[in-house]
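Written out below as structure tokens is the structure these notes cover.
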Amino acid sequence: MRQIDAKTGCDSDACSCDSTESDENTRRQFLRSARTVTLGAISLTVLPSTLASETTPSSNDAGEPENGKESTPLYGFLVDTSTCIGAGKCLTACRVENNVPEGQYRTWVERYIHFKDGRIQVDQVPESGYAGSDVEKVDEDLVERAYFVPKLCNHCEDAPCNQVCPTHASITSPEGVELVDPDLCIGCAYCVQACPYGVRFVNHETGNADKCTWCYHRIMREEQPACVEACPVDARVFGRLDDPESEINKRLATVPTHVLKEHLGTHPKLHYIGISKEVT
Amino acid sequence: MRLIRDLRHILIVLAVLVIGGAGGQFLRTAMIPESFGRQGPYRADALVTIASQKSRFPSAEKCHKCHEDVREEREETLHAGVACVHCHGLGEKHIAEAEAIAKSENAEGTVTPAEPWDGQFPSTIDLFISQDRKTCLVCHESVVGMPEDFRKIDVAAHLDEQGADDPDSPDTCFECHGNHDTAP
């Protein structure tokens, strides 16, 4: 700029160098002051929100119990398929406890039958058990092995359902429980499609996404989830993963366990004892 | 003159920024729910709402507070882990009445007694006594898939073996096996 200005100043004598210079100066001054004002205004509007967002997490940390009280628990679930008898008591308990509409399930029990000829049959345990149900009897002589697999939400550490929610209605609670905010959920069912385990559904009555909450309302009162309470053979074990003395941690440490679809990297907190690789 | 002209420009920019900022801040507070982001990228109050749901399914300990004798009867049996609800219903009214009596000054009063079972899972009857073999068979009838060591029976064969008087009677199991102190 300067070189050109100097050129124009020297090229013609008639040209008033003074006025050009003062023109330049005022323009420069204006730009300078405008820059200062703009930067100032931007920092005024942006800084408070940045500061606010910076202080939020620290205030949250302070909100956590630090005065010698217990820290936030981290929960886990263990299903022992070697003891499940397929009575369906957990299904009724869940429906009653959480007011789940007929025909929809927060938890269900699958039966895997491995036949001697290599076939595998998977069916679902009727809600009121097999006694008096119209489920076709299976010839025991043809069966290699068979077992029941209770299914429920895996409460994954890296939950795909949570990541896709467009309205932040999908919540991972501080206790590691996956929940649905009934006020923010718009029932778009994106999470229903994202869940690799098929545990979510859109509740016919509420229109919201619905899922197993590990009975969040019960566990926050130090009660066991309804299905765990209902199981007559202790096939369902619920407890704290952060407590080395808990029943679930003792079982996880001593018995080989599996999670479903481990290759997806969702890191489920629902563990299984006694399932074969066909169970997904 | 120049200063005034420039000042006008600066004022316009300032006004746009202030109005835009205020408008943005207003939209922000209007559209982001209260308590959002307090604990994480969600509405913290939702946890309170979800946790306030009523517990319905009563634990055996709750029943045993009054029915101590049943606890003693059951504690050594294989059925110690079976929830009371499965044979007796939720008993919500019954428990609420019992708790009200326990809290009252003279601790006196009566609770609604049990009714006969309607044969349904889940039952619509608050409290029942199910002297019905279906309650037993829902767990014990032999089904492919049960663990090897679980006590399962083929009812028809078992009754034939034992020489039951009336194989179709709902009482069949209870005639030999009792209820709370179930003999094997």
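This is a predicted model, so every value here is computed, not measured. Each chain gets a letter, A, B and so on, in the order its sequence line appears, and its residues count up from 1.
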Any luck finding a side-chain donor-acceptor pair between Gln104(A) and Asp210(A) under 3.5 Å? no

Please state whether the side chain, the backbone, both or neither of Thr83(A) comes within less than 4.5 Å of a heavy atom of chain B. backbone

Name the region of Thr167(A), side chain, backbone, both or neither, that has any atom closer than 4.5 Å to a heavy atom of chain B. neither

Among Val125(A), Leu184(A), Ile113(A), which has the most heavy-atom pairs under 4.5 Å with chain B? Leu184(A)

Using heavy-atom distances under 4.5 Å, tell me whether Arg221(A) contacts chain B through its side chain, its backbone, both, or neither. side chain

Checking heavy atoms, do the side chain of Arg111(A), its backbone, both or neither come under 4.5 Å from chain B? side chain

Modelled atom types, side-chain donor and acceptor of Asn98(A) and Gln53(B), under 3.5 Å: yes

With a 4.5 angstrom heavy-atom cut-off, could you sort out which part of Glu229(A) is near chain B: side chain, backbone, both or neither? both

Options Leu137(B), Leu90(B), Leu47(B), Ile10(B), ranked by heavy-atom pairs under 4.5 Å with chain A, top entry: Leu47(B)

Side chain, backbone, both or neither: which part of Val138(A) has an atom under 4.5 Å from a heavy atom of chain B? both

Name the region of Cys165(A), side chain, backbone, both or neither, that has any atom closer than 4.5 Å to a heavy atom of chain B. neither

Chain B contact via Asp234(A) - side chain, backbone, both or neither, heavy atoms under 4.5 Å: neither

Is Val180(A) in contact with chain B via its backbone, its side chain, both, or neither, using a 4.5 Å heavy-atom distance? backbone

Check ion pair Arg218(A)-Glu97(A) (N to O, under 4.0 angstrom): yes

Could you tell me whether the side chains of Thr172(A) and Asn162(A) share a donor-acceptor contact shorter than 3.5 Å? yes

I'd like to know which of Phe148(A), Tyr147(A), Tyr112(A) tops the heavy-atom pair count under 4.5 Å against chain B. Phe148(A)

Highest number of heavy-atom pairs under 4.5 Å with chain A among Asp45(B), Val143(B), Val155(B) belongs to Val143(B)

Within the 3.5 Å criterion, strictly below it, is a donor on Glu223(A) or Ser59(B) matched to an acceptor on the partner's side chain? no

Flag for Asp80(A)-Ser82(A): side-chain donor and acceptor within less than 3.5 Å: yes

Ile85(A) portion near chain B, given a 4.5 angstrom heavy-atom threshold: both

Heavy-atom proximity to chain B below 4.5 Å, by part of Cys84(A): backbone

Measure the spacing between CD of Gln131(B) and CD of Glu175(B) and express it to the nearest 0.5 Å. 10.5 Å

